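To keep things clear, I will list the structure first and then write my remarks on it.
Worth saying up front: this structure is predicted, and the values here are computed from it rather than measured. Keep in mind that the numbers below use all heavy atoms, side chains included, and drop hydrogens, waters and symmetry copies.
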Amino acid sequence: MSEGLHGRAAELDAVRLLLDAALAGDGGALVLAGPPGIGKTAVLGRAASMAGGFTVLRARGVPQESRLAGSGLHALLRPVARLVRSPVLARALRRGTAGDGMALPAAVLEFLAELAAAEPVLVCVDDLHLLDEVSREALCFAARRVAGERIALLLAVRDAAGLPEDVPVRVLEGLDPAACRALAHELAAGALPDDLRTCLARLAGGNPLAWRELVGSLTPEQLAGLAAPPTGLPPGGRLHRAHAERLARLPEATRFLLLLLAAHPGLNAETLRRRPAQESGAEARLHRELLAAGPPAVLAPAERAGLIRAEGGRYGFADETVRAVVYAEAPPARRRAAHALLGRLLDGDRHRLARAWHRAHALDGPPDQLAAELAAAASAATARGYPGRSAAYEHAAELTGVEERRTEWLAAAARHAWVSGDVPRARWLLAQPRHPLEGQAQLMRGRLELLSGHADSARDKLLTAASCLVQRDRIDGVKALLHAAEASYLTGDIRTFHAIAGQVALLRRPDDCANAQLMFEYLQGIAATFSGDHRAAAGPLRRVVRLAPAVRSPVPLVWACVASLLLGEDATALELSARAVDTARRRGAVTLVPQLLESVVQAHFWLGRYPSVAAHAAEGLRLAEASGQPNAAAQHLAWLAHADAVQGDADACRDRAHRALDLAESHGLGIAGALGTWALAHLDLAAGRLADSAARLRGHRDNDHVVVRVMASPHFIEAAARTGDDRRATAALRVLERWAGSTSSPDRRALVARCRALLSAPGEAGERFQEALELHRQGACRFETARTQLLYGGALRRERRPGAAREHLHGALETFERLGARLWSERARAELRAAGETVARPAPGGGPEQVLTAQQLRIARLVAEGATNREVAAQLFLSPRTVDHHLRNVFARLGVRSRVELARLLF
């Protein structure tokens with residue numbers, strides 16, 4: 001896609017239809033409306049390049065000529081002025097005289113029709129609202145009358161108000177997150193760190209020009225994370241200037257009210273109508289004007305200019321870039337006065353933090369006193385609101401002259417920035433010197449590294465932090481050790497994990513609180529699990545689950561979820577993981593949610609709910625990418641690949657699995673690499689490539705994680721046994737038996753019985769399969785039940801018992817089809833045909849829902865809504881090549897030849 005046109009496929013399709021119609025002699029007009037920088041000019045430029053064989057006439061409105069009558073027509077028609085024969089039009093172009101009535105508009109339309117007799121005409125006018133009135137009226141006159149002519153008019157405006165109602169208008173919205181990611185990747189040549197991109201997304205929103213100017217303004221220090229990210233648009237940029245010019249044309253009272261809204265987003269009309277006890281200066285006069293006229297009347301000019309929107313009793317800026325410019329353009333003295341007024345207008349306990357924030361920015365007292373008040377208010381705040389606790393602590397640190405307090409408050413600012421998902425700011429805050437709290441700073445640096453860096457580096461930082469902290473605060477030291485153990489788990493370094501667990505055990509005390517007890521029990525249980533001593537692990541893990549109701553923090557709840565999964569209590573695990581996610585969201589702990597969703601995904605996986613696996617993994621991946629957490633993204637990609645393997649979507653499975661493997665290699669994530677390899681092995685198994693599946697799971701570098709090896713052992717045992725590798729299959733079965741035997745899960749024990757059947761002599765296998773099916777009936781995983789039915793049916797067929805085989809194979813086929821497991825359905829049909837039964841494939845007829853796979857249907861709908869292949873790829877976390885392959889299959893299956901036909905079919 002060419003530069004500047006990410007996310008504009010729908011607009012380009014509309015332009016293409018307009019040009020096609022004009023070429024066929026059925027001309028028309030289209031108005032593109034939207035704020036500055038949204039991409040109108042880029043669409044006009046692409047339209048001109050698409051108009052091969054057209055006479056293209058272009059003009060752009062400029063404020064300096066808006067009072068020169070006819071200046072717009074002169075700019076538009078100057079290249080063909082020598083062909084003008086109408087005296088009225090010739091006089092207007094020479095002298096700027098419009099004449100009377102409709103003479104000039106009619107002459108313009110007639111001249112365009114004369115040009116179109118030779119070849120079709122495309123008229124592109126940018127910033128129509130800035131043209132002089134004469135030219136604007138002539139073009140609107142022509143736009144209503146070009147039907148039947150080989151003329152296309154494409155007009156761009158900021159707001160379509162006042163234009164002819166019978167001319168089609170397309171409002172350009174901000175780019176969606178997928179298009180923003182693609183644009184950022186293009187602008188920075190792929191070198192933009194994920195967390196910095198997230199920060200820029202908050203500033204730019206979906207405005208492509210804002211993205212261009214922000215990325216272009218980044219310094220090497222900001223790109224390296226050594227300087228704070230930008231807080232607003234570059235002052236000298238086009239977009240800042242465009243907003244500033246619009247602001248300058250507004251009345252003074254309107255600008256002041258906009259400043260109040262910029263200084264306190266979400267301010268409501270009720271608060272604005274209050275009368276503070278004390279007021280003075282020009283701001284008092286402006287506030288009295290506001291009270292006299294009312295906020296709606298004062299803001300009306302800003303609404304007409306498209307700068308602000310009213311939503312109930314609240315007012316919001318059209319986009320974040322406008323708010324930043326409003327605040328930046330106000331003189332410092334007026335900003336302080338606005339903050340002082342807000343500090344007096346906001347009252348009550350719930351506004352304590354906001355009141356302290358505004359007093360601090362108004363410098364309404366001694367700086368150290370203001371800083372202490374602000375930090376105390378941030379410490380007491382519980383609800384999310386404006387300002388954020390991180391920003392409050394940071395400003396308190398800026399105000400204070402006491403170095404110890406500055407260090408403490410910067411550390412608090414970094415912690416709250418990290419929790420709220422602002423990773424780049426947290427990283428920058430942690431780069432500030434803070435020797436008295438070096439242990440806490442190192443702990444935070446280690447946790448940030450655990451999110452987005454190399455797992456080995458994260459472990460080393462966390463161990464360093466623990467050595468500092470354990471002498472001062474035992475529990476903080478234990479937390480650092482626990483996170484270091486998590487880093488070792490991610491890498492697959494079980495030896496270091498055991499060493500850390502041993503250190504933690506020495507720090508335990510009998511009088512520890514419930515949260516601390518849960519930490520100690522959890523690490524003891526996991527260490528025993530990693531040693532293969534599942535019976536020894538069961539006690540500590542059960543105590544973890546029993547302690548869970550007493551804890552309120554989301555992270556211990558996830559530990560209890562992991563304990564439940566290891567005990568085979570999948571429903572309990574799902575309940576605990578959902579509670580953890582809900583708790584994190586209510587607390588605004590944005591950073592934690594992608595990691596917490598990993599446990600939700602695993603619980604659904606063991607319950608065989610693959611659509612839920614895909615949905616939660618996709619959400620986790622989206623949030624991980626948005627908050628700059630590639631390590632969590634790697635695991636979610638791997639789980640999505642598993643869901644793709646079940647659905648038989650080979651291209652998507654390989655695409656996502658290999659992306660997970662790439663992230664695993666670059667970030668030292670042994671578990672993500674093993675999960676991705678397992679997904680590919682599952683795909684091979686479903687496709688009947690048994691030797692390939694067994695080879696992937698045979699314990700090489702990409703599958704060297706003890707937890708995943710045990711989880712994947714049913715697949716490995718099946719592939720190895722059916723390719724004659726009984727020795728390795730038997731060894732894997734012994735490991736699986738030890739784990740499953742320590743749980744109360746009928747589903748886990750059913751897997752053991754099934755694997756025993758695969759390794760049994762022909763006469764003994766039937767009893768094992770029957771045992772597995774009986775256990776499945778007590779469990780919840782219908783997918784694995786169907787897999788057992790398929791294997792049992794195949795064994796019965798090979799024993800020449802086709803009637804008994806068909807009963808189980810039909811059950812398997814019904815379940816696979818209901819779950820959308822296409823490759824497994826094909827396997828069941830193949831076994832039924834081998835058992836002597838003719839099984840037809842599903843009829844190809846029906847609507848898109850019946851003809852397309854789930855993945856193809858998602859792609860088709862996104863494309864029909866106007867997304868490009870690259871944008872679909874970014875939204876579904878696939879490669880553009882995979883999307884292109886799917887789209888060709890979609891076109892073939894639905895019998896359509898273009899995106900336009902696809903949109904008509906689906907909508």
Side-chain angles (χ1 to χ4, degrees), residues 439-440 442-444 446-447 449-450 455-569 573 576 580 595 599 670-671 705-707 710 735 738-739 742-743:
Q440 289 287 354
Q442 194 72 355
L443 173 59
M444 187 62 62
R447 295 191 70 182
E449 191 77 3
L450 201 55
D456 285 339
S457 173
R459 179 200 58 218
D460 294 343
K461 284 183 171 65
L462 290 162
L463 288 173
T464 300
S467 66
C468 294
L469 291 170
V470 76
Q471 305 300 325
R472 302 175 185 175
D473 187 315
R474 179 177 59 92
I475 295 302
D476 276 353
V478 170
K479 288 178 181 176
L481 286 169
L482 206 62
H483 289 302
E486 180 187 354
S488 300
Y489 168 74
L490 291 177
T491 64
D493 183 358
I494 303 306
R495 179 178 297 179
T496 302
F497 186 98
H498 282 300
I500 294 170
Q503 277 184 270
V504 170
L506 296 174
L507 297 170
R508 189 169 188 174
R509 293 179 185 171
D511 59 345
D512 283 322
C513 66
N515 264 356
Q517 288 182 47
L518 191 149
M519 284 193 297
F520 288 114
E521 297 285 5
Y522 172 75
L523 205 55
Q524 182 183 345
I526 297 296
T529 298
F530 289 172
S531 297
D533 193 349
H534 299 289
R535 296 194 183 280
L541 294 176
R542 291 195 186 285
R543 287 191 288 275
V544 169
V545 177
R546 283 200 297 270
L547 285 165
V551 302
R552 296 290 179 266
S553 176
V555 173
L557 287 172
V558 162
W559 294 337
C561 165
V562 173
S564 297
L565 288 172
L566 291 172
L567 292 167
E569 298 170 3
L576 288 166
Q595 304 158 62
S599 297
I671 189 167
H705 196 284
V706 61
V707 173
V710 176
V735 175
R738 286 200 299 272
W739 174 44
S742 71
T743 75

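Between Leu462 atom CG and Ser467 atom OG the span is 11.0 Å, to the nearest 0.5 Å. Within the model, atoms CG of Leu450 and OG of Ser457 stand 10.0 Å from one another, a figure rounded to the nearest 0.5 Å. Between the CZ atom of Arg546 and the CG atom of Leu518 there is a distance of 11.5 Å, given to the nearest 0.5 Å. Taking NE2 from His498 and OG from Ser488, the interatomic distance works out to 10.5 Å, rounded to the nearest 0.5 Å. Note that CG of Asp460 and OG1 of Thr496 are 9.0 Å apart. Values are rounded to the nearest 0.5 Å. With rounding to the nearest 0.5 Å, the separation of CG in Leu547 from CE in Met519 is 11.5 Å.
Residues Leu576 and Val558 form no side-chain contact, since every pair of their non-hydrogen atoms from C-beta on lies 4.5 Å or further apart. Side-chain contact between Asn515 and Ile475: absent, with no pair of heavy atoms (C-beta onward) separated by less than 4.5 Å. Lys479 has its side chain within reach of Asp476: a pair of non-hydrogen atoms, C-beta onward, lies under 4.5 Å apart. Looking at Leu481 and Leu463, their side chains come closer than 4.5 Å, going by heavy atoms from C-beta outward. Side-chain contact between Ile526 and Phe497 is present, with at least one heavy-atom pair separated by less than 4.5 Å. Using a 4.5 Å heavy-atom cutoff, the side chains of Tyr522 and Val562 are in contact.
With hydrogens and angles ignored, the 3.5 Å screen pairs no side-chain donor or acceptor of Arg447 with any backbone N or O of His483. At least one donor-acceptor pair closer than 3.5 Å links the side chain of Trp739 to the backbone N or O of Leu566. Checking side-chain atoms of Ser531 against main-chain N and O of Asp533 turns up no donor-acceptor pair under 3.5 Å. The closest donor-acceptor contact from the side chain of His534 to the backbone of Leu567 lies at 3.5 Å or more, if one exists at all.
Of all the heavy atoms in Ser742 and Arg535, the pair that sits closest is CB-N, 4.3 Å. In this structure, Phe520 and Leu507 approach most closely via the heavy-atom pair CZ-O, 3.8 Å. Residue Gln517 comes nearest to Arg508 through the heavy atom pair O-NH2, 4.2 Å, listed as atom of the first residue, atom of the second, then distance. Taking all atoms of both residues into account, the shortest heavy-atom contact from Cys561 to Ala573 is SG-O, 3.4 Å. Between Leu557 and Ala580, the shortest heavy-atom distance links the atoms CB-CB, 3.8 Å. In terms of heavy atoms, Ile500 sits closest to Ala485 at CD1-N, 3.7 Å.
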Exercise for review: Could you please spell out the steps behind the salt bridge (Lys or Arg N to Asp or Glu O under 4.0 Å) verdict for Asp512 and Arg509?
Suggested key: CA-CA 6 Å; Asp512 283 322; Arg509 293 179 185 171; 5.9 Å; no
Point to revise | Evaluation steps, side chain to side chain contact (heavy atoms under 4.5 Å, CB included), between Arg542 and Val545 | key: CA-CA 5 Å; Arg542 291 195 186 285; Val545 177; 5.7 Å; no
